[in-house]
Colleague: 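Take a look at this one; I'll ask things after.
In what follows, residues are counted from 1 in the order of the sequence shown. On a predicted model such as this, the values are computed, not experimentally measured, just so you know.
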Amino acid sequence: MSYLPLGALLVLGCSAGGVVVALNLGHRQAVLALAHPVTVGQTLMERDLREVSLARGSGLAAISAGSTDRIVGRPAAYTMPKGTLLTESVLGEPQTPPRGKAVVAVGLKEGRFPAGLERGSRVAVVKVPEPEGSTAEPQLPDPSSPVWYATVVAVWGKERGETAVVSLQLGEDEAREVAASPSDGISVLLVREEVL
């Protein structure tokens with residue numbers, strides 16, 4: 001029995017596998033993420049960073065993995081959880097709320113916030129009752145329910161199709177009310193008016 005045909009098939013199979021792997025890797029890029037949670041104002045060290053793979057064309061301006069040297073020594077502008085992808089917008093002077101304001105984080109399901117939500121967006125936060133049962137129609141906000149106006153200071157998770165975590169800056173009293181509301185019953189709307 002000749003091993004030549006078997007060897008040729010093996011070489012062809014390995015080559016095809018290598019092409020598939022190369023094509024898949026070509027659609028991803030290595031970027032920097034946080035290896036640990038950091039607090040606002042913390043100076044980033046190399047141990048705080050890790051390399052992750054991100055799909056190209058995701059629309060997120062993540063910092064490439066080859067830029068570690070220019071990130072080390074810079075402060076975090078916000079308190080951020082482990083795994084946060086690093087962008088220029090989350091680095092720099094610490095961003096703390098001014099006197100009389102507070103920042104509250106809310107978890108929002110897909111469909112409870114607009115696709116264009118980003119840092120600096122002006123939003124209205126409204127309570128929306130959850131439908132009863134899986135076949136129930138979505139309910140409209142109660143006109144008597146409060147509406148809180150806020151500015152988005154950070155958004156995490158929406159690019160990965162997860163529950164988005166949105167940090168909102170608004171008055172201290174309003175922030176307490178939002179924090180006390182079940183996040184399953186909150187929606188965020190983009191608004192154009194200057195409301196703060």
Colleague: Drop me the distance from Arg70's CZ to Leu91's CG, to the nearest 0.5 angstrom.
Modeller: 8.5 Å
Colleague: Any heavy-atom pair between the side chains of Val155 and Glu118 that's under 4.5 Å?
Modeller: no
Colleague: Using the side-chain contact (heavy atoms from CB on, under 4.5 Å) rule, pick out the option among Asp48, Leu49, Leu44 that qualifies with Val72.
Modeller: Leu49
Colleague: Please tell me if the side chains of Lys82 and Leu34 come closer than 4.5 Å, counting only heavy atoms from C-beta onward.
Modeller: no
Colleague: Distance check, rounded to the nearest 0.5 Å: Ser64 atom OG versus Leu86 atom CG?
Modeller: 11.0 Å
Colleague: Kindly indicate whether the side chain of Ser181, heavy atoms from C-beta on, has any atom under 4.5 Å from the side chain of Trp148.
Modeller: yes
Colleague: Under 4.0 Å between a side-chain nitrogen and a carboxylate oxygen: does that hold for Arg74 and Glu88?
Modeller: yes
Colleague: Side chains of Ile186 and Val178, heavy atoms from C-beta outward: is any pair under 4.5 Å?
Modeller: yes
Colleague: I want to check something: taking the side chain as every heavy atom from C-beta on, are Val152 and Leu168 in contact at a cut-off of under 4.5 Å?
Modeller: yes
Colleague: Got more than 12 heavy atoms from elsewhere within 6.0 Å of CZ, Arg47?
Modeller: no
Colleague: Looking at Glu172, I want to see if its CD is surrounded by more than 12 non-hydrogen atoms of other residues, nucleotides or ligands under 6.0 Å.
Modeller: yes
Colleague: Would you say Arg50's side chain and Leu32's backbone share a donor-acceptor pair under 3.5 angstrom?
Modeller: no
